[in-house]
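Each chain gets a letter, A, B and so on, in the order the sequences are listed, and its residues count up from 1. What you see is a predicted model; the values in this text were computed from it and never measured.
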Number of protein chains: 2
Amino acid sequence: MGVIRKTKAVTTVLNIFENKNEAKSVVSLIELVKGDMNKTTVYRILDRLEQDGFIHSFNGKDGLKWYAKCNGCSAHKHSDKHPHFQCKECDKVECLSLEVNIPILKNHKVDSTDILLIGQCESCSV
Amino acid sequence: MGVIRKTKAVTTVLNIFENKNEAKSVVSLIELVKGDMNKTTVYRILDRLEQDGFIHSFNGKDGLKWYAKCNGCSAHKHSDKHPHFQCKECDKVECLSLEVNIPILKNHKVDSTDILLIGQCESCSV
DNA sequence: CTAATTTCGCAACTCAGTTGCATTAGTACA
DNA sequence: TGTACTAATGCAACTGAGTTGCGAAATTAG
Ligand SMILES: [Mn+2]
Ligand SMILES: [Mn+2]
Ligand SMILES: [Zn+2]
Ligand SMILES: [Zn+2]
């Protein structure tokens, strides 16, 4: 049984991620759905969608929270791990399907690895 | 000629980084020098020390700002790039002297790479 | 010692993210 | 189709990291 009720607000947020395969900052999402729903609701919906494996979150270069669609994750298996790229000009973020090899760390138990490449995207590096 | 005046406050902050080779969050630094100086001063001193290549900054897992001592950097050459490890139990951060290979990204100009490993440190993984 | 200039303290602000609570709206089931 | 249970929402108030403006104090060059 899904933890999630299909409310109008959930559908709206879900559609944003379904239609454009693009990472979104929470701030931009709140702006995008302003009028349709409260910012608290946005935060809470994102929480639930992440728990259910529909989206994943990460911190952008300024420490703000970003979300993007997952590929092949579920509530019990979050397998879609990958680095991100953020453009320092236009701020846009891309999910990268890159394999990065991290050497083993002695005496540490590593659970996850956050990798953020920063630079200029294709449009901005002309 | 240094851009920095050797004020009492600067010396205090500098000593914290000199004596213990340990990363510090701004929040913890403010707490540490509370009574000696204002939090605005802490932020401004950290800015200046970073520009001068004495310390470097990065975002921890919660999006907060952290600082640690640099090795071999100067105002004009910030060469001490490396990944960081943050313990999810005790929150402590370590600078890692690991070389991580990031594959070339087509159509992107990559300026820097932020890598944060998250897990349990030696003391916390018992 | 003096003047130029940087640095500091303070108070007020910004803004992302959170919390508590009363109200609304999905959903399961009779 | 109606009812009852409970998840989800709106709203307003809050939290806390980080910033800004400005007058006062401290550093440093000469
Ligand atoms: Mn992603
Ligand atoms: Mn470091
Ligand atoms: Zn760009
Ligand atoms: Zn630890």
Side-chain angles (χ1 to χ4, degrees), chain A residues 1-17 23-68 75 84 86 91 93 114 116, chain B residues 1-17 23-68 75 84 86 91 93 114 116:
Chain A
M1 57 137 249
V3 199
I4 279 189
R5 288 189 178 176
K6 274 287 167 51
T7 66
K8 203 180 290 186
V10 168
T11 308
T12 302
V13 173
L14 224 35
N15 280 340
I16 291 170
F17 287 106
K24 291 270 179 204
S25 70
V26 180
V27 174
S28 72
L29 278 166
I30 289 171
E31 177 64 28
L32 204 60
V33 302
K34 188 172 54 185
D36 293 343
M37 79 193 78
N38 188 272
K39 73 169 177 170
T40 310
T41 304
V42 177
Y43 279 106
R44 295 199 270 222
I45 288 177
L46 292 170
D47 273 354
R48 276 179 275 145
L49 291 179
E50 183 173 29
Q51 279 183 32
D52 277 22
F54 288 116
I55 55 178
H56 59 278
S57 71
F58 53 94
N59 293 323
K61 63 182 171 56
D62 305 309
L64 297 196
K65 207 162 190 191
W66 285 70
Y67 284 91
H84 294 96
Q86 183 162 20
D91 250 36
V93 171
D114 290 356
L116 182 64
Chain B
M1 56 138 252
V3 199
I4 278 189
R5 288 189 178 178
K6 275 288 167 54
T7 65
K8 201 180 292 185
V10 168
T11 308
T12 303
V13 174
L14 224 35
N15 280 340
I16 291 171
F17 287 106
K24 291 270 179 204
S25 70
V26 180
V27 175
S28 72
L29 278 167
I30 290 171
E31 178 63 28
L32 204 61
V33 302
K34 188 173 53 184
D36 293 343
M37 77 193 81
N38 188 271
K39 73 167 177 169
T40 310
T41 304
V42 177
Y43 279 105
R44 295 197 270 223
I45 288 177
L46 291 170
D47 273 354
R48 275 179 274 145
L49 290 179
E50 183 173 30
Q51 279 182 33
D52 277 22
F54 287 115
I55 55 178
H56 60 278
S57 71
F58 53 94
N59 292 323
K61 63 181 171 58
D62 306 309
L64 297 197
K65 208 163 189 190
W66 287 69
Y67 284 90
H84 294 97
Q86 183 162 21
D91 250 36
V93 171
D114 290 357
L116 182 65

J.: To check you understand the geometry: which heavy-atom pair defines the closest contact between B:Ser28 and B:Ser25, and what is its length?
T.: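 Distance-wise, the nearest heavy atoms are OG-O, 2.8 Å.
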
J.: Atom NZ of B:Lys24 and atom P of D:dA17: how far apart are they, to the nearest Å?
T.: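 From B:Lys24 NZ to D:dA17 P: 16 Å.
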
J.: Sequence neighbours left out, cut at 3.5 Å: what donor-acceptor pairs do the side chains of residues 37-46 of chain B make with other protein atoms?
T.:
unit_1	atom_1	unit_2	atom_2	d
B:Asn38	OD1	B:Thr40	N	2.8
B:Asn38	OD1	B:Thr40	OG1	3.0

J.: Heavy atoms only: give me the nearest B:Phe17-B:Tyr67 pair and the separation to one decimal.
T.: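 Nearest heavy atoms, B:Phe17 then B:Tyr67: CE2-O, 3.5 Å.
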
J.: Please report, to 0.1 Å, the donor-acceptor pairs under 3.5 Å made by any side chain of residues 54-66 of chain B, with sequence neighbours excluded.
T.:
unit_1	atom_1	unit_2	atom_2	d
B:His56	ND1	B:Ala68	O	3.1
B:His56	ND1	B:Lys69	O	3.4
B:His56	NE2	B:His82	NE2	3.1
B:His56	NE2	B:His84	NE2	3.3
B:Ser57	OG	B:Glu50	OE1	3.4
B:Ser57	OG	B:Glu50	OE2	2.6
B:Asn59	ND2	A:Lys61	O	3.0
B:Lys61	NZ	B:Asp91	OD1	3.1

J.: Please report, rounded to the nearest Å, how far the P atom of C:dT18 is from the CZ atom of A:Arg48.
T.: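 It works out to 14 Å between those atoms.
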
J.: In residues 59-66 of chain A, which residues come under 4.0 Å of DNA chain C by heavy atom?
T.: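 Heavy-atom contacts with DNA chain C come from A:Leu64, A:Lys65.
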
J.: Got B:Lys6 and B:Leu14 here, is their nearest side-chain heavy-atom distance under 4.5 Å?
T.: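 When only atoms from C-beta onward are counted, B:Leu14 and B:Lys6 do touch, with a gap below 4.5 Å.
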
J.: A:Leu46 CG to C:dA16 P: how many Å, rounded?
T.: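 Roughly 14 Å, once rounded to whole Å.
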
J.: What does the B/S/- profile of nucleotides 23-30 of chain C look like, 5' to 3', with a 4.0 Å heavy-atom cutoff to protein?
T.: --BBS---

J.: Reading DNA chain D 5' to 3', what string of ( ), [ ], | and . shows its pairs, if Watson-Crick and G-U wobble pairs count only when both distances fall under 3.5 Å?
T.: ||||||||||||||||||||||||||||||

J.: Do any of residues 32-44 of chain B sit with a heavy atom less than 4.0 Å from DNA chain D, and if so which?
T.: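 Residues of residues 32-44 of chain B that come under 4.0 Å of DNA chain D are, in numerical order, B:Lys39, B:Thr40, B:Tyr43, B:Arg44.
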
J.: Would you mind reading off the distance between A:Asp47 atom CG and C:dT18 atom P, rounded to a whole angstrom?
T.: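 After rounding, the gap between these two atoms is 7 Å.
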
J.: D:dA8 P sits how many Å from A:Leu49 CG, rounded?
T.: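 It works out to 10 Å between those atoms.
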
J.: Nearest heavy-atom pair of A:Val10 and A:Arg5: which atoms, and what distance?
T.: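 In terms of heavy atoms, the two residues are closest at CG2-O, 3.7 Å.
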
J.: Look up atom CG in B:Asp52 and atom CD1 in B:Ile4, then write down how far apart they are to the nearest 0.5 Å.
T.: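 Here the rounded value is 4.5 Å.
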
